[in-house]
Amino acid sequence: MLDVVTLGAWLEFAIRWLHVITAIAWIGSSFYFIALDLGLHRDRTLPSGADGEEWQVHGGGFYHIQKYMVAPDNMPGDLTWFKWESYATWLSGVALLAVVYYWGAEFYLIDPAVMDISVPVAIGISAASLAVGWLIYDVLCKSPLKTNATFLMVVLFVVLVAISYGYAQVFTGRAALLHVGAVTATIMTANVFLVIIPNQKVVVADLIAGRRPDPEYGRIAKLRSTHNNYLTLPVIFLMLSNHYPLSFATDNNWIIASLVFLMGVTIRHFFNSMHARKGRPWWTWGLSALIFAAIMWLSTAPMHGADPESEAMNGAATQFASAEGFDEVQNIVLGRCSMCHTAEPGWPGLHWAPKGVHLDTPTRIAGQARAIYLQAGLSHAMPPANLSWMEGEEREAIIAWYNSATGG
């Protein structure tokens with residue numbers, strides 16, 4: 001019989017699968033059109049009146065692509081709009097945020113040692129921050145700064161640094177980096193939904209009616225599209241970061257998040273320059289490597305966290321620590337898991353705790369109740385290959401303890 005936690009785990013898997021699929025579709029089409037637009041031959045006089053053209057080959061066929069700045073003689077009735085990929089990616093991302101970080105707020109969103117807040121307050125801050133992040137960005141893009149694209153990018157970077165630092169003062173390290181990615185993705189999708197597509201529809205309507213479109217609509221859409229282009233790689237890094245504790249389980253996680261945005265710019269600059277036939281600025285890869293080296297160093301720099309023995313226990317952890325069978329489960333975990341899941345693992349060749357999970361104190365064991373239940377109780381995922389010889393009766397004890405705490 002599947003319980004709520006098991007169903008939740010499969011729901012998370014299904015939504016994550018959908019999120020990855022839609023993200024591939026969005027990023028793929030976005031990168032393709034950026035490369036196409038930059039690579040168009042605009043030095044040719046085309047009888048069709050097109051602004052530029054390019055010949056491409058793929059899948060055994062040849063494609064002749066032309067870009068029009070004004071409507072062709074016959075506007076096609078089946079014009080394809082590239083927007084649903086963006087919307088579906090954002091919606092599935094929000095659903096995943098709700099399932100993982102809102103449903104499991106006491107485990108993954110709130111860290112009493114960072115800020116001791118209630119679940120409703122944490123969720124409220126999370127949701128509101130996504131909207132506020134977009135509003136700040138939108139105001140800046142509509143301000144006089146819009147006339148200087150480079151300076152605007154610098155100001156936006158400073159804002160992202162401030163957002164990264166702010167999240168690190170409120171949420172767990174894992175949630176902080178994830179939220180930096182979420183607010184950035186929200187900005188990107190809002191750009192598509194609230195600016196790029198509406199502006200394009202105005203231009204299309206003008207062209208169909210035979211009116212000359214206001215070039216400002218295209219300029220604004222181009223600016224927002226350029227921002228999306230440079231933000232894509234950092235968002236992917238931040239979305240993957242929750243699987244790599246070296247990126248989030250450090251006092252320097254907000255600095256790491258900030259540097260990722262710089263690295264995204266340097267990498268995209270190389271490809272944008274190449275597609276625009278402006279050469280291959282190989283120096284960008286050297287700079288990217290230096291930034292990544294700095295990130296690696298920051299991930300292992302000395303931290304000044306709280307003493308494990310003085311860590312606060314949140315509501316969920318208290319519930320599991322006081323449940324029947326906790327003492328037995330604590331002994332099981334300490335005996336079968338803590339040789340790896342500790343600050344200084346005793347297993348040969350292991351230099352840090354897998355996934356950054358420490359199971360060496362009652363507070364930490366109780367705080368990881370759901371993960372212990374899923375990975376060592378219901379499944380045999382942990383210990384890996386059962387290297388510490390956990391017995392069936394011990395797994396049953398873990399299940400019984402969890403059910404005792406949750407009333408399952």
Side-chain angles (χ1 to χ4, degrees), residues 5 8-24 27 89-90 92-111 113-115 122-123 125-127 129-130 133 160 163-186 188 231-261 263-264 292 295-296 298-300 303 305 316 341 352-359 364 367-372 374-375 381-382:
V5 176
W10 277 110
L11 178 62
E12 175 189 337
F13 193 173
I15 297 175
R16 192 180 299 277
W17 187 25
L18 173 64
H19 188 52
V20 171
I21 292 170
T22 55
I24 290 172
I27 295 168
T89 300
W90 187 81
S92 59
V94 170
L96 193 59
L97 177 66
V99 169
V100 177
Y101 290 91
Y102 293 174
W103 188 5
E106 290 184 306
F107 294 101
Y108 304 122
L109 187 62
I110 301 171
D111 183 351
V114 176
M115 181 175 287
I123 294 175
I125 292 174
S126 169
S129 67
L130 301 184
L160 287 170
I163 289 174
S164 301
Y165 178 78
Y167 276 134
Q169 310 312 305
V170 178
F171 298 137
T172 66
R174 170 176 169 172
L177 261 64
L178 189 283
H179 275 75
V180 176
V183 74
T184 307
T186 298
M188 294 172 65
L231 291 173
T232 299
L233 295 182
V235 167
I236 296 174
F237 182 101
L238 293 167
M239 292 306 177
L240 293 173
S241 69
N242 67 99
H243 300 287
Y244 296 90
L246 280 176
S247 65
F248 68 76
T250 166
D251 294 338
N252 301 313
N253 52 18
W254 67 275
I255 304 177
I256 290 174
S258 302
L259 291 177
V260 167
F261 285 100
M263 191 163 56
F292 195 70
I295 288 173
M296 290 192 293
L298 287 168
S299 71
T300 57
M303 294 187 290
H341 289 281
W352 51 76
K355 296 294 183 182
V357 175
H358 292 180
L359 299 174
R364 291 172 169 177
Q368 293 291 333
R370 181 185 293 182
I372 294 171
L374 284 173
Q375 298 190 43
M382 291 293 164

Taking it one step at a time, do Thr89 and Met188 satisfy side chain to side chain contact (heavy atoms under 4.5 Å, CB included)? CA-CA 11 Å; Thr89 300; Met188 294 172 65; over 6 Å; no
Could you list the residues that satisfy side chain to side chain donor-acceptor pair (under 3.5 Å) with His358, not counting sequence neighbours? Arg364
Check side-chain contact (heavy atoms from CB on, under 4.5 Å) between Trp254 and all other residues, then give those that pass, not counting sequence neighbours. Val161, Ser164, Tyr165, Ala168, Ser258
How long is the gap from CD1 on Ile125 to CG on Leu130, to the nearest 0.5 Å? 12.0 Å
Output for pair (Asp111 CG, Glu106 CD), nearest 0.5 Å, gives 12.5 Å
State, to 0.1 Å, how close Met115 and Ile110 come at their nearest heavy-atom pair, and which atoms those are. O-CG2, 4.0 Å
Only pairs at least two apart or in different chains count here, so list each side chain to side chain donor-acceptor pair (under 3.5 Å) that has a residue in residues 234-249. none
Which pairs of donor and acceptor atoms, one on a side chain in residues 231-239, lie under 3.5 Å apart (sequence neighbours left out)?
unit_1: Thr232; atom_1: OG1; unit_2: Asn228; atom_2: O; d: 2.8

Partner set under side-chain contact (heavy atoms from CB on, under 4.5 Å) for Ile255, not counting sequence neighbours: Asn252, Leu259, Leu298
Contacts of Leu246 meeting side-chain contact (heavy atoms from CB on, under 4.5 Å) (sequence neighbours excluded), chain-then-number -> Ser299, Thr300, Trp352
dist Asn253:CG -> Asp251:CG (nearest 0.5 Å) comes out at 7.5 Å
By ring-ring contact (aromatic ring centres under 6.0 Å, His included), which residues pair with Phe13, not counting sequence neighbours? Trp10
dist Met263:CE -> Ile256:CD1 (nearest 0.5 Å) comes out at 10.0 Å
May I have the list of side-chain donor-acceptor pairs in residues 171-183 shorter than 3.5 Å, sequence neighbours left out?
unit_1: Thr172; atom_1: OG1; unit_2: Tyr108; atom_2: O; d: 2.7
unit_1: Thr172; atom_1: OG1; unit_2: Ala175; atom_2: N; d: 3.1
unit_1: Arg174; atom_1: NE; unit_2: Tyr101; atom_2: OH; d: 2.9
unit_1: His179; atom_1: ND1; unit_2: Ala175; atom_2: O; d: 2.8
unit_1: His179; atom_1: NE2; unit_2: Ser126; atom_2: OG; d: 2.6

So, using side-chain contact (heavy atoms from CB on, under 4.5 Å) as the criterion, who are the partners of Val99 when residues are at least two apart? Leu11, Glu12, Ile15, Trp103
